[in-house]
Amino acid sequence: MKFLEENIRNDLKSNITYFNNVLNVNKNFDIVYRVVRFGGREACFYFVDGFLKDEMLQKMLQYFNSIQQEDMPQDAHEMSKKSIPYVEVDLQDEWKQILYFIMSGVFAL
């Protein structure tokens, strides 16, 4: 799959379409995805149901929801350093790495 060998794109809708197709979210009830708005920006997260601790996910979402538009980091690197209240954060831009992590139980935003 050539698309899998490419890096993710800057267009959120294209990325969502790709992940939804590869992960077969319309038929796979174990994959949870949700389009959200944090700090005035649209985002989407994916995870495997039952692989995440509910308390951790709830705390992360509460924190993200508290980010005001004027405080929203400019890029993923800045967000990972300043705005994610979790110790283990990794930035990835390759489809296969992100899919590997999602299927391994990691929350992907």
Side-chain angles (χ1 to χ4, degrees):
M1 188 182 306
K2 178 154 178 34
F3 196 37
L4 189 58
E5 296 171 6
E6 298 175 8
N7 291 348
I8 62 169
R9 299 173 182 208
N10 289 329
D11 176 38
L12 180 63
K13 291 192 187 310
S14 294
N15 293 333
I16 291 172
T17 298
Y18 176 77
F19 276 121
N20 287 355
N21 288 330
V22 170
L23 296 171
N24 203 12
V25 297
N26 292 328
K27 295 181 181 177
N28 187 347
F29 58 87
D30 289 324
I31 301 293
V32 177
Y33 89 100
R34 185 164 168 210
V35 178
V36 292
R37 192 164 204 61
F38 301 128
R41 289 189 176 168
E42 196 170 55
C44 185
F45 61 82
Y46 290 85
F47 63 92
V48 177
D49 193 23
F51 279 21
L52 287 179
K53 294 179 182 175
D54 292 336
E55 300 84 29
M56 186 276 301
L57 179 60
Q58 183 178 13
K59 286 181 182 183
M60 296 268 294
L61 293 177
Q62 285 175 334
Y63 185 80
F64 290 150
N65 279 326
S66 72
I67 299 173
Q68 299 298 314
Q69 188 167 355
E70 59 272 8
D71 299 325
M72 187 67 176
Q74 295 301 308
D75 57 33
H77 183 263
E78 183 181 348
M79 184 155 182
S80 74
K81 298 297 181 200
K82 296 180 180 178
S83 301
I84 298 182
Y86 193 68
V87 177
E88 297 178 34
V89 177
D90 193 14
L91 298 178
Q92 294 291 327
D93 65 354
E94 294 179 6
W95 293 111
K96 62 184 175 183
Q97 277 300 112
I98 297 168
L99 290 168
Y100 173 81
F101 284 124
I102 291 171
M103 299 310 290
S104 298
V106 175
F107 172 90
L109 175 66

Atom pair [atom1]/[atom2] of [X] and [Y] - distance to nearest 0.5 Å:
{"X": "Gln69", "Y": "Met72", "atom1": "CD", "atom2": "CE", "value": "9.5 Å"}
{"X": "Asn24", "Y": "Ile31", "atom1": "CG", "atom2": "CD1", "value": "9.5 Å"}
{"X": "Ile8", "Y": "Gln97", "atom1": "CD1", "atom2": "CD", "value": "12.0 Å"}
{"X": "Arg34", "Y": "Ile16", "atom1": "CZ", "atom2": "CD1", "value": "13.0 Å"}
{"X": "Cys44", "Y": "Asn15", "atom1": "SG", "atom2": "CG", "value": "9.5 Å"}
{"X": "Met60", "Y": "Tyr63", "atom1": "CE", "atom2": "OH", "value": "10.5 Å"}

Verify the cluster assignment for [X] and [Y]: are they in a single hydrophobic cluster under the rule of side-chain heavy atoms below 4.5 Å apart?
{"X": "Val32", "Y": "Phe64", "answer": "yes"}
{"X": "Tyr100", "Y": "Val25", "answer": "no"}
{"X": "Ile67", "Y": "Phe107", "answer": "yes"}

Which heavy-atom pair separates [X] from [Y] by the least distance, and what is that distance?
{"X": "Asn20", "Y": "Tyr46", "answer": "OD1-OH, 2.8 Å"}
{"X": "Phe51", "Y": "Ser104", "answer": "CD2-C, 4.0 Å"}
{"X": "Gly105", "Y": "Leu52", "answer": "O-CD2, 3.5 Å"}
{"X": "Ser14", "Y": "Arg9", "answer": "CB-CD, 4.1 Å"}
{"X": "Arg37", "Y": "Glu42", "answer": "NH1-N, 3.3 Å"}

Side chains of Leu109 and Phe38, heavy atoms from C-beta outward: is any pair under 4.5 Å? yes

Do Val106 and Phe47 have side chains that approach each other closer than 4.5 Å (heavy atoms only, starting at C-beta)? no

Just by modelled atom types, is the Leu61 backbone N or O under 3.5 Å from a matching donor or acceptor in the Asn65 side chain? yes

Okay, side chain of Asn21, backbone of Thr17: is any donor-acceptor separation there less than 3.5 Å? yes

Are more than 12 heavy atoms, taken from residues, nucleotides or ligands other than Asn10, located less than 6.0 Å from that residue's CG atom? no

Testing Leu99, Asn28, Val48 for side-chain contact (heavy atoms from CB on, under 4.5 Å) with Leu23, which one passes? Leu99

Taking ring pair (Phe, Tyr, Trp, His ring centres under 6.0 Å) as the criterion, tell me which of Tyr33, Trp95, Phe45 meets it with Phe19. Trp95

